[in-house]
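Given the structure is predicted, the values throughout are model-derived calculations rather than measurements. Below, chains carry the letters A, B, ... as their sequence lines are ordered, and counting in each starts from 1.
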Protein chains: 2
Amino acid sequence: MLTKKRHQLILELLAREEVVKMQTIVEQTGASESTIRRDLSQLEEAGHLRRVHGGATANHMQIDEPSYIEKSDRFVEEKNQIARAAADLIEDGMYVYLDAGTTTLAIVPYLEQKAITVVTNSLPLANTLLYHRIPTFVVGGQLKHSTQALVGYNAREGMLIYHFDVAFLGMNGVHPTQGFTTPDPEEALVKKTAIELAKKSYVLVDETKLDEISFSRVAPLRAATIITTASNEQTAKYSQYTEVVNAK
Amino acid sequence: MLTKKRHQLILELLAREEVVKMQTIVEQTGASESTIRRDLSQLEEAGHLRRVHGGATANHMQIDEPSYIEKSDRFVEEKNQIARAAADLIEDGMYVYLDAGTTTLAIVPYLEQKAITVVTNSLPLANTLLYHRIPTFVVGGQLKHSTQALVGYNAREGMLIYHFDVAFLGMNGVHPTQGFTTPDPEEALVKKTAIELAKKSYVLVDETKLDEISFSRVAPLRAATIITTASNEQTAKYSQYTEVVNAK
DNA sequence: CGTAAAATGAACGTTTTTTATAGAAATAAA
DNA sequence: TTTATTTCTATAAAAAACGTTCATTTTACG
C-alpha cells in the first residue's frame with residue numbers, strides 16, 4: 001500500500017473515531033508497526049493528528065463547530081432578512097468592518113450600489129467583495145481552516161491600524177448575563193478588537209443563538225446592538241441591556 | 001499500446017482513485033516499468049498528476065482538465081517545471097513567503113507533505129493552501145482587483161512582523177542592468193519588502209520575462225536567485241550578476 | 001525501400017522506504 | 001513500591017522504487 005493511501009486511511013479512521021489504536025491501523029493497512037509509527041509522526045508534524053500512547057487522536061478543536069458548508073444552508077431566509085436590515089444601516093462614505101460568517105456574507109450583495117470601503121478577516125467574504133467590486137481591505141493573520149477566517153494575535157495587530165464607522169459581527173452565543181460568546185478564543189479576540197475599533201457595532205444572529213453560551217467571551221451585551229429575526233417575546237429580556245433590532 | 005492510450009488510461013485510473021500504484025499501471029497497460037516511469041514524468045511536467053514514491057496521485061490544482069490529446073500549453077509545462085524546482089528548495093521547518101502569481105500558485109501542490117508555514121499576499125494562494133491544509137498566514141492590506149493580491153502600504157506594514165527563510169516571487173521583467181521590475185508600484189513595494197525580510201529570495205520566470213523592463217523597479221538582480229526554464233545561452237548574461245537555476 | 005528520430009525495455013548503481021531489533025520509557029499489574 | 005508488559009525511539013539491515021544509460025525496436029518521412 002502506498003504511503004499516501006495509508007495516510008488517507010489513517011485520517012479516515014480518525015474522522016470516524018476520535019481515537020485510533022496502533023494495532024487497528026497496522027491491521028487495516030497491512031504495513032509494519034515501524035511504518036505506521038513513521039506515518040503518525042509525519043501526519044502529526046503536518047498537523048493532521050496528535051499522537052498518543054498506543055495510537056493517535058483527532059486534532060480538530062474539541063469545541064464542536066459545524067463546518068462552513070454545513071452552516072450555510074440552514075436558516076437561509078432568516079439570514080437574508082438580517083443581512084438586509086444590516087445593509088440598510090450602511091451609508092455612503094462609511095468604513096465598514098464585516099466579520100467572518102455566513103450572515104455577514106449575505107450582506108455583500110446589498111452593498112453593490114454603495115460607495116463604501118470594507119475591511120474583513122474572512123477569505124470567502126474577500127472573494128465575494130472582490131466579485132462585487134467593492135473596495136476592500138483584508139486583515140492579515142493566521143488562516144483558520146474551519147472558518148476560513150484570519151484570526152489570532154497577528155490579526156488583532158493588523159486591525160489596529162483601522163477605524164470603522166460600523167462593524168457587523170456573527171456570534172455563536174448571546175446570553176443576558178454572559179454576553180456575546182464564540183467557540184474559538186482566537187476568533188473571540190478578533191471580534192472583540194473589531195468592536196473596540198468601531199464607532200458602532202452590530203451582532204447578527206438568528207433565534208437559535210439566543211440564550212446560548214459558547215466557550216470564549218467576546219464582550220458584554222451593551223457593547224453592541226443585536227439584529228435578529230427572533231420574536232419580540234424572545235428578545236424582551238435583552239432589551240434592558242442593549243438595543244435590539246427586529247429584522248422581520 | 002500507444003503512448004496516448006496509456007496516458008489516457010493512467011488519468012482515468014487517477015480519476016477513479018486518488019492514488020495509483022506503479023504496479024497497477026504496469027499490469028493494466030502491459031508496458032514496462034521504464035515506460036510507465038517516463039509516462040508519469042511527462043504527465044507530471046504537463047501538470048496532470050503528481051508523482052509519489054511508488055506511483056502517482058491526482059493533482060488538485062488543476063481545476064479544468066485540458067485535453068491531454070492536444071499538445072499541452074507550453075507555459076503550463078514550464079510553470080510546473082519551475083514550480084517543482086522551487087519546491088525542491090523548501091525543507092521541513094521553513095517559513096516560506098509565496099508571492100501572488102500563477103507560477104507561485106503551481107508550487108502549492110508540491111508542498112503538501114512538507115511541515116512548513118507559508119505567508120502569502122494572494123487570495124487564490126490562500127484558498128489553495130487552505131485546501132491543501134498547509135499552515136498559512138495572510139498578509140493584510142488593500143485588495144487589488146486585477147491580481148487578487150493584497151498590496152500597498154498596509155501590506156508592507158503587515159509583513160514587517162514576519163521573517164522568512166525563503167521567499168518565492170513572480171516578476172514581469174528581468175533585465176541585466178534594470179534588475180527586477182513589475183507594472184504596479186504598490187505590488188513592487190510588497191515584493192521589495194518580501195526580499196528584505198527573507199534570508200534568501202528566488203524569482204520565478206519563464207523565458208518571456210527575460211530582457212523585459214516593466215514600470216516599477218523592485219530590486220537589483222543580485223537581490224535574488226533566478227529560477228527559469230530558459231536555456232543556458234539565454235541566461236548567460238545574468239549569471240555574472242546573480243545565481244541562475246535552470247529548472248529544465 | 002532506407003535512414004533518422006522517437007519510443008521502448010533491460011541492466012545497474014543510487015536513493016528512498018520498509019522492516020526488524022534492541023534498549024529506553026511508559027503503563028499496568030502484583 | 002517493585003515487577004512485568006506494552007509501547008516508544010533509534011538504528012541498522014533488507015527490500016522496493018528510482019533515475020540513468022544504452023542497445024533494440026518501432027515509427028515517421030523522404
Visitor: Base, sugar-phosphate or nothing for Val26(B)? Non-hydrogen atoms, less than 4.0 Å.
Guide: nothing
Visitor: State which of dA11(C), dT9(D), dT8(C) makes the closest approach to the side chain of Ser34(B).
Guide: dA11(C)
Visitor: Quick one: is Arg6(B) getting a side-chain N or O under 4.0 Å of the dT8(C) phosphate, OP1 or OP2?
Guide: yes
Visitor: Answer yes or no: is there a donor N or O on one side and an acceptor on the other, between the side chain of Asn121(B) and the main chain of Val139(B), under 3.5 Å?
Guide: no
Visitor: Answer yes or no: does a side-chain N or O of Arg38(A) lie under 4.0 Å from OP1 or OP2 of dA10(D)?
Guide: no
Visitor: Let me know the distance between CG of Leu40(A) and C1' of dT9(D), rounded to the nearest Å.
Guide: 14 Å
Visitor: Map Leu2(A) and Glu33(A) onto DNA chain D by nearest heavy atom, then report which one ends up closer to the 5' terminus.
Guide: Glu33(A)
Visitor: Rounded off to whole Å, could you give me the CE-to-C1' distance for the Met1(A) and dA16(D) pair?
Guide: 17 Å
Visitor: Does a donor on one side chain and an acceptor on the other come within less than 3.5 Å for His7(A) and Asp39(A)?
Guide: yes
Visitor: Ion pair present between Glu187(B) and Lys192(B), side-chain N to carboxylate O less than 4.0 angstrom?
Guide: no
Visitor: Using only side-chain N and O atoms of Thr35(B), determine if any of them is under 4.0 Å from OP1 or OP2 of dG9(C).
Guide: yes
Visitor: Quiz question: by atom type and distance under 3.5 Å, do the side chains of Asp99(B) and Tyr202(B) form a donor-acceptor pair?
Guide: no
Visitor: Does Arg37(A) make a side-chain N or O approach to OP1 or OP2 of dC8(D) shorter than 4.0 Å?
Guide: yes
Visitor: Please tell me if Arg51(B) has a side-chain N or O lying less than 4.0 Å from either OP1 or OP2 of dT16(C).
Guide: no
Visitor: Checking contacts here: which listed nucleotide (dA7(C), dT9(D), dG9(C)) is nearest the side-chain heavy atoms of Ser32(B)?
Guide: dG9(C)
Visitor: Check the phosphate of dT26(D) against Thr3(B), side-chain N and O only, distance under 4.0 Å to OP1 or OP2. Yes or no?
Guide: no
